[in-house]
Amino acid sequence: MSERALSRRMRPLRHVTFTLGLVITLCLLATAALSLVYTPQDPLEMSIGGRLQGPSGHHLLGTDQFGRDLLSRIMTGAVTSILVGVIAVGIGMGVGVFLGMLSGYFGGWLDEGFMRLMDAVQGFPAILSALLITAVFRPSITISMVAIGVAFLPVFARLTRAAFLELRDRDFVAAARALGAGDAALIARHILPNTLSPLIVQATISFPVAILAEAGLAYLGLGTQPPHPSWGLMLREAQAFLGLNPWFAIFPGGAIAVTVLGLNLLGDGLRDLLDPKMAG
Amino acid sequence: MATLLFVSVLVFVVVRILPGDPALVIMGTEGSGEAAARLREAMGLNRPLVVQYLDWMARALVGDLGRSIQYDVPVGGLILSRLSVTLPLTLMAAGFMALAAIPVGVFAATHQRRWGDYLSMTLSQIGVAVPGFWAGLLLILLFSVRLGWFHSGGFDGWAQGVGSALKSLLLPAVALGLFQFAVLARTTRSAILEVLREEYVTTARAKGVPERTVLFRHTLRNAMIPVLTVAGVQLGQLMAGSIILESVFYLPGLGRLALGAISARDLPVVQGVVLFVASVIVTINVAVDILYGFLDPRIRYE
């Protein structure tokens, strides 16, 4: 690889926001991956004698109300956060892109209908859907994924639709059509790949929003349920013991904040790098 | 409007159809088949669904949201009484958000690419990363557990004195407003930077208008258009967010009403609160749209 090519490839790393975000995100992923094979202690092992301890050599971040090791629980909580984030954004993006694609490509009454539907979903906060759904079903991690994912639908649908509207009459599309490409091939092979970069940016921006929402729902008892480890759930439990062990409330919240900060920085950086038009 | 229609249909579908037979739900395990049939007839559950929906909507429009199963009082009254907590909380948070965010945003924009800008933008990055309920817990830790300045939660009601009521809403309002403050500060900053690039600003500067006047008369007024739009949308989000903060501070508002109703399987209350909050959000958004037309004469609605 020539030196110039190398320096071009390394250029994103000179973007401070992007690099900082990338480092924090990689640490998060590494922590989550590590927790699958190793945690300092068993995150489920209780010890009545060692309840609500502050940080110590044995328990680096202290223990919870059952004497379980907080560091180990926070590590496994990262998996839940990532899982909910990925699936919620996946639902929003998958369905949103599909609707936006059809809207933008075919237009007409289909477009009108889908967009009115998106208007309707827009402005309906995930917390209200979650309230409504948990009124009928038992709260679960699935409910938070769906409630959060649905809230993401409009933004992905609109982005995709706008990109398709812009691209569908371009010459390269007309050329492909003249060569006999059908609707499906035009959409999937020719137009969709050209809409990817704003969608990737949007997915990155949505990811931390999903993580915050998951924590909030779990905190209210509407989302992730025990014994699934979740940072929001840990804070719910910690609230009763604020006076006895403040660390119990500080560390899980800190984990959320650092994670979201890292992902936000990564998203902002990606937007600057991939999509200069959107840079603020 | 589409949102309201959607929400009302959704609320209706989820609550009326998904849990099975409401008559059986209300009767619990003790109801006999015959009694359930009578109740079903009395509740009008034998009519076509569309008729039931229209009937329910017609009642909701005049404020009749049904009766709470748990308290046996009208849901509408219950919501109104809890609103005396949620509404002040939301408004205080909005006030805090706007009063803090606009100066910070202006400051950051006028000190672009200097330490003041970097400092304020770092603060706002942190603000959007910290979950409101965790901020609430930290405030309780600091001001209640450590310093003992505030109660860690609870609300005595307005009858006990406006001062103490406002005091118990102060920490929750700050925690609730923090996230939206950070968003609004960034919006203000970029709106001002945008306007500062306009030619009329250059013209004003060129003809010797003092920088203060350029900032306050020419820039700020125009930059406020997007800022107010965002702030309006945020007002609705603050109301939704208050559901969480009420739990952190044990405030008897709409959010706790809904959560309590969920544990008690009090469906009409859940239904009422969701419909009410969603309607408020929709109303605010429509109001913002209209206001937008007033503020910026270039925008006209057909």
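So that the names make sense, note that chain A is the first sequence line, chain B the second, and so on, each numbered from 1. Small disclaimer: the values here were computed from a predicted structure and weren't measured.
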| said: Let's test your reading of the structure: which of A:P208, A:G216, A:G221 forms the most heavy-atom pairs below 4.5 Å with chain B? | reply: A:G216
| Which atoms form the tightest heavy-atom contact between B:V128 and A:N264, and what is the distance? | CG2-ND2, 3.8 Å
| Is it the side chain or the backbone of A:I127 that comes within 4.5 Å of chain B heavy atoms, both, or neither? | side chain
| query | Taking A:L217, A:V209, A:I250, A:I211 one by one, which has the highest count of heavy-atom pairs under 4.5 Å against chain B? | reply | A:I250
| message | Working to the nearest 0.5 angstrom, can you tell me the gap between A:Q239 CD and B:Y250 OH? | response | 4.5 Å
| query | Taking atom CG of A:L265 and atom CD of B:Q125, what is their separation to the nearest 0.5 Å? | reply | 4.5 Å
| said: Just verifying a value: how many Å separate A:L235 CG and B:F133 CZ, rounded to the nearest 0.5 Å? | reply: 5.5 Å
| request: Tell me, for B:I244 versus chain A, whether the close heavy atoms (under 4.5 Å) come from the side chain, the backbone, both or neither. | output: both
| What residue, out of A:P125, A:A257, A:G253, A:G232, has the most heavy-atom pairs lying under 4.5 Å from chain B? | A:G253
| request: Go through A:D268, A:V258, A:L117 and name the one with the most non-hydrogen pairs under 4.5 angstrom from chain B. | output: A:D268
| task | Check whether B:V248 gets within reach of chain A through its side chain, its backbone, both or neither, counting any heavy atom under 4.5 Å. | result | both
| message | Is it the case that over 12 heavy atoms from other parts of the model lie below 6.0 angstrom from the CZ atom of A:F98? | response | no
| note | If one checks every heavy atom of B:V233 against chain A at 4.5 Å, the contacting part turns out to be neither
| message | Let me confirm one number: the CG-CD1 distance from A:L261 to B:I126, rounded to the nearest 0.5 Å. | response | 6.5 Å
| task | Let me know if B:I281 has heavy atoms under 4.5 Å from chain A in its side chain, its backbone, both or neither. | result | side chain
| field | Steps toward side chain to side chain contact (heavy atoms under 4.5 Å, CB included) verdict (B:I243, A:L128) | value | CA-CA 9 Å; B:I243 294 176; A:L128 290 187; 4.0 Å; yes
| Minimum-distance pair of heavy atoms, taken over all atoms of B:A129 and A:V260 | CA-CG1, 3.6 Å
